[in-house]
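Note that this is a predicted model, so its numbers are computed, not measured. Both ligands and their constituent atoms are indexed starting at 1 by order of listing.
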Amino acid sequence: MKYIQNNPVPIPSFGASSEVKTTMDTVFDWQYALEKDNLLALYEKGKGATWNASDLAWDTDVDVERLVQQRREAGVGGMMNQLLNPPRPLDDDEQLRLQVNMNAFMLSQFLHGEQGALVATAKIVQQVPWEEAKFYAANQVADEARHVEAYHRYLTEKLGISFEIHPSLNSLLTDIVSDSRWDVTYLGMQIMVEGLALAAFGIMRLMMQDEPLIQDITTRIMADESRHVAFGVLSLEDVYRNQMSASELREREDFVIEATHLMRDRLLMHQVFERLGWDAKVWVPWMTETPFMRGFRQMLFSKIVPNLKRLGLLTPRVREAYEKLDLLRFEHMKDSVEDPDVTPPQELVQFLMQALAGAQPGAAPQSGPPST
Ligand SMILES: [Fe+2]
Ligand SMILES: [Fe+2]
């Protein structure tokens, strides 16, 4: 798996590594009852689905600038000014740099999230009390190492542009791996971070249809992630529905609300504007408020909301917080057990397709997603 880091990932201001202190119980399961058939079935599926990141078409010529230019020539240029109503009109070169950097920013946060999943799931191997869950978590750990490898190689060898971890994602990963409660590791990683990642990968796949290498990477990783999210739902369902006191459940509600706010903030991309030399004080509020971007961010929660509902965590307090963020419209979608496939929500596909169509010369500009 030797590859050349043409342009290494930038080191964050807090240093090249970080240590997170935690106190936790490591649990051995000497009973080996292996009675959770759904987890054993997932483990069998996971074992058969392994792929080798070294086998991907790494000789693909990746040039996102050229792709953006080709799209413009094909009539999808001007999207930024028409759709996003930026604080000032962007010239062609600025639009190109914004799109290239936003793409690299999203992929970089995928990479850092994957490292978080690697570490958090190793923690689950130690903490979870059932042997069959340890089996599956170990299988997931191997998946996550492969995901880190694939994204890191893509960013450093092929793309040549990358970003350090966003502070809000770093806070969330720190919260997840420092928490002593095993179920909170699952809740934070498998339900929240990976639930959001599944939707984000779906968006990446739709937006980068003309780049075959990232299509292949994303399709493979999404298939793995759909198992990981199902692992979280299957493991936690009975625990949250039948085994927790009201006060314990309230602590989980607090965690969900806090994690949701951190995930929303990590989507604001201030690092992109700093990299471009644009005033983040102007551009971040624009990203927060502009209807298209708000709709875009909301759709990233389309997998999380039905999964929380299945776990019994869409409680009045969580509903109140989600109502304010306009996220409850996803509550009737299929959860990750009903629909393990990762078909992006129809609403999202329509939204993106309308966005692209709206950017055709002469077409009416779209002001936002259909339901906002
Ligand atoms: Fe992953
Ligand atoms: Fe994962």
Please find out if the Fe ion (ligand 2) and some N, O or S atom of D224 are separated by less than 2.8 Å.
-> no
Using the six-membered ring of Y43, assess whether NZ or CZ of K47 lies under 6.0 Å from its centre and within 45 degrees of the ring axis.
-> yes
E131 side, atom CD; L39 side, atom CG - distance, nearest 0.5 Å = 12.0 Å
Partner of E194 under side-chain contact (heavy atoms from CB on, under 4.5 Å), chosen from E114, K303, E225 | E225
Would you say R264's side chain and A259's backbone share a donor-acceptor pair under 3.5 angstrom?
-> no
From E144, does some N, O or S atom reach closer than 2.8 Å to the Fe ion (ligand 1)?
-> yes
Within E114, is some N, O or S atom less than 2.8 Å away from the Fe ion (ligand 2)?
-> no
Would H147 count as a contact for the Fe ion (ligand 1), in the sense that one of its N, O or S atoms lies under 2.8 Å from it?
-> yes
Name of the E225 N, O or S atom nearest the Fe ion (ligand 1)?
-> OE2
Q190 pairs by side-chain contact (heavy atoms from CB on, under 4.5 Å) with which of I124, L236, V229?
-> I124
Among the N, O or S atoms that H228 has, which is closest to the Fe ion (ligand 2)?
-> ND1
Is E194 close enough that one of its N/O/S atoms sits under 2.8 Å from the Fe ion (ligand 1)?
-> no
Contacts of F105 that satisfy ring-ring contact (aromatic ring centres under 6.0 Å, His included) - sequence neighbours left out = F163
